[in-house]
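What follows is one structure encoded as structure tokens, with my remarks underneath.
All chains are named by letter (A, B, ...) in the order of the sequence lines, taking the proteins before the strands, and each is independently numbered beginning at 1.
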Number of protein chains: 2
Amino acid sequence: MNSNDLIDFVKAAMPYLEEVPTVQILKFMSVIQKPKGTKLFSEGKRHSNFYFIIKGAAKSYYLKEGKEICLWFAFENETLGSIMTYNGMPSNETIELLEDAELVCYQSDVLRKLAKENLAVSNLTHKMLEEHALFLEYRLHQLLFISGKERYENLVESAPEVFQRVSLTDIASYLGVSRETLSRIRNQG
Amino acid sequence: MNSNDLIDFVKAAMPYLEEVPTVQILKFMSVIQKPKGTKLFSEGKRHSNFYFIIKGAAKSYYLKEGKEICLWFAFENETLGSIMTYNGMPSNETIELLEDAELVCYQSDVLRKLAKENLAVSNLTHKMLEEHALFLEYRLHQLLFISGKERYENLVESAPEVFQRVSLTDIASYLGVSRETLSRIRNQG
DNA sequence: TAGTTCATGTGACAATTGTCACAAACTATC
DNA sequence: GATAGTTTGTGACAATTGTCACATGAACTA
């Protein structure tokens, strides 16, 4: 994908980029390819990038006593990153590709600097943060108010593709139940 | 509190307001008093305000089968609002004052309009969103990775004042355990 | 002071869920 | 297609937690 294609693509995919001048966008964006298994973020490390998924899938997880516990999954046309590293802190999560992927790579440090000076860029990052906060709020609500079984049913309803592309082990940890409990939920109705 | 006092106060309390011109601030801010029990937000309703607590305490909760389940508590020098209503959607939570309170009231609709045109205001709302996202991430991490007992211990450590100002019933729902379980945690160590 | 209400503690029991162990099914690779 | 490795299903059991019922004690009201 060349620069012009990139601009056309990201503007189509992200309507709130429309107002950002092309010359600015090219300062903080590029397209990369990465194979399955690549760790885009590693726990404890600082990163000054985040990503938009053109093609592929990823998971975010923490390690708890050697076990992975998934925070989220991301697929095509979703943005992927860590609010901690966006703030310059070390990452508290690991983000790993579940499939070979084509990604738009944002340089978050450049983006933040631009946002401080450029209203269109500021509105862009504002929008992204807002979407992230809404997602976190939804997750929190699910965990506090809804049983494991209901969370499973909601996931089947809202994101059935997850079950085609992510292992049940990862999904169980995402739902906050053990692998065995998820297996029983699936087989009992 | 008059206009000048308000400006001095909020600029001292919120460093990221420094760059916002006073004339702009007065467009979206005022100071109000409200008694204990006031519902600043009600589930299902739209609101175009959010608040900064000068003095007082508040809780946010959902209703689940008649029971309140607390999302968060807020005290002096904290900002309080709903990301849903900020986005123009109906509130999914109720926010209620636990004590008589003095509040800075922001008009979020005015603030959003200003942010679209004014870089300093945009940076302000950006900063607020970022803090909110970090808080949600912390809560999510606690719920997914840490046992009820550890969550209790972390709360004692990080916010002991909560136990002076909030009922154990509310704290139990905040921690995601039953009132009885919290009682046992407290008496066993 | 008596009565009422509300917050909290506690015991008994049931239900849910996790853990462990192992079997079955599926994948990938040679 | 044989083998190794991974993923998923399942049974037995233990541990945790929730629910229900009731007791206690503090706070508030009349």
Sugar-phosphate, base or nothing in reach of A/Ser183, heavy atoms under 4.0 Å: base
Touch class at under 4.0 angstrom, heavy-atom based, for A/Ser178 against every strand present: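 Base contact.
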With distance as the sole test, does [X] use its side chain to make a donor-acceptor pair with the main-chain N or O of [Y] at under 3.5 Å?
{"X": "A/Arg165", "Y": "A/Gly56", "value": "yes"}
{"X": "B/Ser82", "Y": "B/Thr85", "value": "yes"}
{"X": "B/Thr79", "Y": "B/Phe52", "value": "no"}

For the pair made of [atom1] in [X] and [atom2] in [N], what is the distance, rounded to whole Å?
{"X": "B/Arg179", "N": "D/dG18", "atom1": "CZ", "atom2": "P", "result": "12 Å"}
{"X": "A/Leu168", "N": "C/dA25", "atom1": "CG", "atom2": "P", "result": "16 Å"}
{"X": "B/Lys149", "N": "D/dT16", "atom1": "NZ", "atom2": "C1'", "result": "13 Å"}
{"X": "A/Asn187", "N": "C/dA23", "atom1": "CG", "atom2": "P", "result": "19 Å"}
{"X": "B/Arg165", "N": "C/dA7", "atom1": "CZ", "atom2": "P", "result": "18 Å"}
{"X": "A/Ile185", "N": "D/dG9", "atom1": "CD1", "atom2": "C1'", "result": "14 Å"}
{"X": "B/Leu175", "N": "C/dT8", "atom1": "CG", "atom2": "C1'", "result": "16 Å"}
{"X": "B/Lys36", "N": "D/dA27", "atom1": "NZ", "atom2": "P", "result": "12 Å"}

Position toward the 5' end of DNA chain C (nearest nucleotide), A/Glu180 or A/Gly148: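 Nearest nucleotide further toward 5': that of A/Gly148.
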Chi angles and distances behind the side chain to side chain contact (heavy atoms under 4.5 Å, CB included) call for A/Glu96, A/Thr38: CA-CA 6 Å; A/Glu96 186 179 320; A/Thr38 302; over 6 Å; no
SB check A/Glu130 B/Arg112 (cutoff 4.0 Å):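 Salt bridge flag = yes for B/Arg112 with A/Glu130.
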Phosphate OP1/OP2 of D/dG18: any B/Thr181 side-chain N/O under 4.0 Å: yes
Side-chain N,O (A/Ser167) to OP1/OP2 (D/dT6) below 4.0 Å: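 Indeed not, no polar side-chain atom of A/Ser167 lies that close.
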Polar side-chain contact A/Arg184-D/dG11 base: donor and acceptor under 3.5 Å: yes
hbond_proxy B/Arg186 side chain to C/dG9 base (donor-acceptor, 3.5 Å cutoff): no
